[in-house]
Amino acid sequence: MTVQTVFKSEKEFEEFKTWTVGVLRDETSKDVCVTFTKKDGTNRDMFCTLVESRIPTDKHPKTETTSTDSGSALRVFDTEKQEWRSFRWDSVTKVGFNL
């Protein structure tokens, strides 16, 4: 499966990734929804966060050095499933949120 990107350059794609992580870490952003295409070709809307205060204490990462960004994927806390999940950057089709 080939995923088309709307980004004209790698720099633009990197800026999008930085912006998205910023939104996910922003205390004022609520109901952040990342829409992406799963490996099986279906679309998924995932409400997620990286705001520590919105993650149950028992679900906090065990170490401070745990990275949420592997480069090709981002690990986030799914606020509906109450578990850590990840999505591949190249599969994201939309990011939405409320302020």
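Interatomic distance, CZ of Arg75 versus CZ of Phe87, reported as 13.0 Å (0.5 Å rounding). With rounding to the nearest 0.5 angstrom, the SG atom of Cys48 is 7.0 Å from the CG atom of Asp78. Separating the CG atom in Leu74 from the OG atom in Ser72 is a distance of 10.5 Å, to the nearest 0.5 Å. Between Asn43 atom CG and Thr37 atom OG1 the span is 4.5 Å, to the nearest 0.5 Å. Going from atom CG of Asp58 over to atom CD of Gln82 covers 9.0 Å, rounded to the nearest 0.5 Å. Separation of atoms CD (Glu80) and CE (Met46) is listed at 10.0 Å; rounding is to 0.5 Å.
Residue Glu12 forms a side-chain contact (heavy atoms from CB on, under 4.5 Å) with just one option from Glu14, Lys8, Glu10, and that option is Lys8.
By the neighbour-count criterion of 12 heavy atoms within 6.0 Å, atom NZ of Lys59 is densely surrounded, having more than that number from other residues, nucleotides or ligands.
Closest approach of Asp26 and Val51 over heavy atoms only: O-CG2, 3.6 Å. Taking both residues in full, the closest heavy atoms of Pro56 and Phe77 are given as CD-CZ, 3.5 Å, listed atom of the first, atom of the second, then distance. When every heavy atom of Ile55 is checked against every heavy atom of His60, the shortest pair comes out as O-NE2, 2.9 Å. Phe97 and Ser29 get closest at one heavy-atom pair: CD1-OG, 4.0 Å. Contact record, Gly71 with Lys17: O-NZ, 2.9 Å, taken as the closest heavy-atom pair.
Linking Ile, Leu, Val, Met, Phe, Trp and Tyr whenever their side-chain heavy atoms come within less than 4.5 Å puts Val23 and Val34 in one cluster. No continuous path of ILVMFWY side-chain contacts below 4.5 Å connects Phe47 to Val95, so the two sit in separate hydrophobic clusters.
Counting heavy atoms from C-beta on, the side chains of Glu52 and Arg25 never come closer than 4.5 Å.
Side chain of Thr93 to backbone of Thr35: a donor-acceptor contact under 3.5 angstrom is found. The backbone N or O of Glu27 sits less than 3.5 Å from a side-chain atom of Arg54, completing a donor-acceptor pair.
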(message) Could you go through Val76 and Leu50, starting from their C-alpha distance and side-chain angles, then the distance that decides it, and tell me whether this counts as side chain to side chain contact (heavy atoms under 4.5 Å, CB included)?
(response) CA-CA 6 Å; Val76 295; Leu50 290 175; 4.1 Å; yes
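Under the 30°/60° scheme for interplanar angles, the aromatic rings of Phe16 and Phe13 are found to lie parallel.
Thr57 is linked by a side-chain hydrogen bond (donor to acceptor under 3.5 Å, both in side chains) to nothing, counting only residues two or more places apart in sequence or in another chain. Residues meeting the side-chain hydrogen bond (donor to acceptor under 3.5 Å, both in side chains) test with Asn98, sequence neighbours left out: Asp31.
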